[in-house]
Protein chains: 4
Amino acid sequence: MDKEKRKHQIMECAKRLFATHGYYNTQISDIIREAKIARGTFYRYFNHKKDLFVTLLENYYQQWKAGISLEAQELDLRTITPEDYFRHRVRNSLLFFANDPYLCKITLRMGLGLPSDMEGSIQRLETKITELIEKDIKLGINNNHIRPDIDVELTANLVVGSILRLSYFYFGLGEEKSSRADVERITEKVTEMFFPGLFLKYQPPATN
Amino acid sequence: MDKEKRKHQIMECAKRLFATHGYYNTQISDIIREAKIARGTFYRYFNHKKDLFVTLLENYYQQWKAGISLEAQELDLRTITPEDYFRHRVRNSLLFFANDPYLCKITLRMGLGLPSDMEGSIQRLETKITELIEKDIKLGINNNHIRPDIDVELTANLVVGSILRLSYFYFGLGEEKSSRADVERITEKVTEMFFPGLFLKYQPPATN
Amino acid sequence: MDKEKRKHQIMECAKRLFATHGYYNTQISDIIREAKIARGTFYRYFNHKKDLFVTLLENYYQQWKAGISLEAQELDLRTITPEDYFRHRVRNSLLFFANDPYLCKITLRMGLGLPSDMEGSIQRLETKITELIEKDIKLGINNNHIRPDIDVELTANLVVGSILRLSYFYFGLGEEKSSRADVERITEKVTEMFFPGLFLKYQPPATN
Amino acid sequence: MDKEKRKHQIMECAKRLFATHGYYNTQISDIIREAKIARGTFYRYFNHKKDLFVTLLENYYQQWKAGISLEAQELDLRTITPEDYFRHRVRNSLLFFANDPYLCKITLRMGLGLPSDMEGSIQRLETKITELIEKDIKLGINNNHIRPDIDVELTANLVVGSILRLSYFYFGLGEEKSSRADVERITEKVTEMFFPGLFLKYQPPATN
DNA sequence: AATGAATGAGCATTCATTCAT
DNA sequence: CATGAATGAATGCTCATTCAT
């Protein structure tokens, strides 16, 4: 239908603008200029700016759900190995995000709501943490503790991602400070999880 | 100094408000009401609203850096095992975030910039993905593929965090679609990393 | 003619909407929804929204004029008493308004242009004035000054109507404050007019 | 207080503009231009445009109430004649409206909400009705039925005011057509009320 | 230093009117 | 004739920032 096409066109423009400049730094004026439509036309398709945003994400969510059920059909659950099953899941999740960088940015809350200079302030901390982990990994490789064939950058991001997500989940959602006990438990679990895949079997330094 | 105390008081109020309602939904009016100061006073301590925000994060960053160097001193690098070293790093990162839920929220871009109803639209996708992984893990445990002693919720968040971070890093920062090859490579690395810590040694089903 | 019928249908809908929600709170969208016609169709029958409104009143005015000339024919001016003549005039005026509550509201400027909550603010003053007059009349009846057979509510409205109309005519149409002399003259005339019909012959209180 | 003075200044400007161009044809821009203040300043004193309007009327109402209680004190209720009492009431009501032509216009719903050209369409009907009554009165005077000393224009407005108010009260406030019975009853009461004050004792025409 | 009244650029949204089909 | 998608000028309101006291 032609009406749907127009709506889609607006959504594509908005998605790019939201991802690039953030929700609050994208004005209706920007969207209609980009979409080459008149001001009033925008409001024929969306009730508010907010409506557009929510529609965008709702759409994305539906797309993801559809992808999931499709994915299920591809697998022969009786014969697949656990490793392949895991691999499959990971691949499909990545593919989903890889497919649309703009929605990826929006969903991952990058560039959402903050002007790029302020965004930078936030990213710096993440980057620094990642760099620290990278350094640690390199050190571990040099000392023959960590498998030398791993991709340092990727692994650092992987580990940082876990830690940030767990912080968010366990410390950020509430409002009160978390207890030391929580931290210890989480620390232990994270270590258990990463150790086997990350480290070589440990050889205590030969003393002489 | 008294001046510093006043500045600190403003920052504490702002931090809480930013974390709770987002940068754009926190007005100067809110901050000065909360901090019990006059409008003009605010501008004696900060040049703009943006300045306050950046100062807040800069502070946080310095705090983190200080924590890091402190941490280094605690360790006797000659005798510590690699596992303890890793554990140490993880613990300190978690502690840092656990210590200040408001800054945690801000840094992790939660509640930043979006009214809570729109924020919900975003969180849904993350939650759904996490739930899916949780289901997979439970299935794996039932089928004796996954170690039964793991914490399902924690592990799901850990895995999801990795995947989201990698998506962000490899697909979100640029603007062009990513190649299939990238996805395959990342998939493989993620699988390699998690497999040993997550799965029991695989026993192919006995055929009869 | 079919065209006239359609035009009439639009006018009926608009009349009801204007009377109920006011001119400015009635949108073209409301009218066409109610009249079940398309947006463009409206503009085939009326040049503007204003045109519709003016047409509506023009129509009403013509109707009234027609009613007047008709009325004249009913009377035998040679034999009718002055009282019947007056009664006749009053009856026909009332009938005219009684016949179409929507046009009545519009002509009497009720519900024109203001949202109902603001309209309320205006009505309150009128209501309070009327209530005050009602109280006075009741008092007069109790003291045997006013004929006990009158309809209090009706009479209060009648008197208030006169006063408001005279205020409007003598004080509202111009822009400058009116002189005290005007007020005195009008007061005297109003008193003269209402006194004979409203009051019993006055009996000065017996002194002892 | 200075703050009150500023608020008062805005209200005075708005009152004049509302009365002259109507609520909907008075823009915030007009008000602030007239009051020589900035856009934002307006919103320091009033929450909305509507708020200003309601405040204006609320003020007027309070003024009226204060006037009423004051008025009560002036009267010696034990000695005043009913006629003087009535005269007093009428005078004070008129004085109230005479005092502020702008608020008079607003309260009487003139110039409220409609551009002056449309307002004209409405006024025409009122004017025509008044003219008709004037003609009747002159006729009555010529025929020696009506007292020759009355003020024709004033009396016509007085009678029209009553009729319009009664129409409004009995036919306009509801939405359904009124019954013929209502009209007859009102007609009779109006005639009874005006007849004694308006007409000379009727002399049936001498027949020969 | 502290205050808070004043400022005005900026923005989302509305709605009468037009015009291609 | 009828339609309804498109238009864009107009408007109420927000809010970061300034500045006189």
Side-chain angles (χ1 to χ4, degrees), chain A residues 1-3 5-7 10 23-33 35-52, chain B residues 2-3 6-7 23-33 35-53, chain C residues 2-3 6 23-33 35-53, chain D residues 1-3 5-7 10 23-33 35-53:
Chain A
M1 202 188 316
D2 215 37
K3 174 158 179 174
K5 208 181 119 197
R6 184 63 83 99
K7 189 166 185 173
I10 299 175
Y23 177 81
Y24 284 101
N25 293 300
T26 301
Q27 269 67 262
I28 298 290
S29 303
D30 300 325
I31 296 172
I32 63 175
R33 189 190 323 112
K36 297 188 205 318
I37 57 168
R39 213 168 193 73
T41 307
F42 175 85
Y43 288 91
R44 281 192 63 73
Y45 294 93
F46 301 96
N47 297 319
H48 334 283
K49 193 182 168 187
K50 203 179 273 194
D51 184 26
L52 163 62
Chain B
D2 213 39
K3 175 159 175 172
R6 183 67 79 94
K7 187 165 185 173
Y23 178 80
Y24 283 101
N25 293 302
T26 299
Q27 269 68 263
I28 299 289
S29 304
D30 300 323
I31 296 171
I32 63 175
R33 190 192 320 114
K36 296 189 206 315
I37 57 167
R39 210 171 194 73
T41 308
F42 175 86
Y43 287 91
R44 292 200 59 78
Y45 293 94
F46 301 96
N47 297 319
H48 338 279
K49 193 183 170 187
K50 204 179 272 194
D51 184 25
L52 162 62
F53 185 80
Chain C
D2 214 38
K3 174 157 177 175
R6 181 69 78 95
Y23 178 80
Y24 283 101
N25 293 302
T26 300
Q27 270 69 263
I28 299 288
S29 304
D30 300 323
I31 297 171
I32 63 175
R33 188 191 322 113
K36 296 188 205 316
I37 57 168
R39 211 171 192 73
T41 307
F42 175 87
Y43 286 90
R44 292 200 59 76
Y45 293 93
F46 301 96
N47 297 318
H48 338 279
K49 192 183 170 186
K50 204 179 271 195
D51 185 26
L52 162 63
F53 185 80
Chain D
M1 200 189 316
D2 215 38
K3 174 158 178 173
K5 207 183 120 197
R6 184 62 83 98
K7 189 166 185 173
I10 299 175
Y23 178 80
Y24 283 102
N25 293 300
T26 300
Q27 269 67 263
I28 298 289
S29 305
D30 300 325
I31 296 171
I32 63 175
R33 191 190 321 113
K36 296 190 205 316
I37 56 168
R39 213 173 193 70
T41 307
F42 175 85
Y43 288 92
R44 281 193 63 73
Y45 294 93
F46 301 96
N47 296 319
H48 332 282
K49 192 183 169 189
K50 202 181 273 195
D51 184 28
L52 162 62
F53 184 80

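Bear in mind that the values here come from a model prediction, so they are computed numbers and not experimental data. Letters go in sequence order (proteins before strands), and every chain restarts at 1.
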| remark: Heavy-atom nearest nucleotide on DNA chain F taken for B:S29 and for C:I37; more 5' hit belongs to C:I37

| query | When the nearest nucleotide of DNA chain F is assigned to A:A38 and to D:T41 on a heavy-atom basis, which residue is associated with the more 5' position? | reply | A:A38

| Nearest heavy-atom neighbours spanning A:T26 and A:K49 | O-NZ, 2.9 Å

| task | Check D:I10 against D:F46 and note the closest heavy-atom contact, atom names and distance. | result | CG2-CE1, 3.7 Å

Return the value, rounded to whole Å, for the distance between atom [atom1] of [X] and atom [atom2] of [N].
X: D:R33; N: F:dG12; atom1: CZ; atom2: P; result: 12 Å
X: C:H48; N: F:dA9; atom1: NE2; atom2: P; result: 19 Å
X: A:I28; N: F:dT7; atom1: CD1; atom2: P; result: 15 Å
X: D:R6; N: E:dT7; atom1: CZ; atom2: C1'; result: 11 Å
X: D:I32; N: E:dA9; atom1: CD1; atom2: P; result: 11 Å
X: A:Q27; N: E:dT13; atom1: CD; atom2: C1'; result: 14 Å
X: C:Y24; N: E:dC15; atom1: OH; atom2: P; result: 13 Å
X: C:F42; N: E:dC19; atom1: CZ; atom2: P; result: 17 Å

| Start at the 5' end of DNA chain E and walk down; is the nucleotide closest to B:R44 or to C:N47 reached first? | B:R44

| message | I want to confirm an ordering. Mapping B:G40 and A:T26 to their closest nucleotides on DNA chain E, which one lands closer to the 5' end? | response | B:G40

| field | N/O (side chain, A:Y43) to phosphate O (OP1/OP2, F:dG8) under 4.0 Å | value | no

| request: Tell me the partner of E:dA9, counting only Watson-Crick (N1-N3 plus N6-O4 or O6-N4) or G-U wobble (N1-O2 and O6-N3) with both under 3.5 Å; none if nothing fits. | output: F:dT14

| message | Could you identify the nucleotide paired to F:dA20, looking across every strand shown and requiring Watson-Crick or G-U wobble geometry with both distances under 3.5 Å? | response | E:dT3

| Parallel under 30°, tilted from 30 to 60°, perpendicular over 60°: which one fits the rings of B:Y24 and A:Y24? | parallel

| Across the strands shown, which category fits C:Y45 at heavy-atom distances under 4.0 angstrom: base, sugar-phosphate, nothing? | sugar-phosphate

| said: For a quick check of understanding: with a heavy-atom distance under 4.0 Å over all strands, which category does C:F46 fall into, base, sugar-phosphate or nothing? | reply: nothing

| field | Selected nucleotide, minimal atom distance to C:K49 side chain, candidates E:dA1, E:dT17, F:dT7 | value | E:dT17

| task | Indicate, yes or no, whether a donor-acceptor pair under 3.5 Å links the base of F:dT14 to the side chain of D:R39. | result | no

| remark: One should read off an interatomic distance between D:L52 CG and D:K7 NZ, to the nearest 0.5 angstrom, of 9.0 Å

| message | Given the ring of C:Y23, does C:K50 sit roughly above its face, with NZ or CZ under 6.0 Å from the centre of the six-membered ring and within 45° of the axis? | response | no

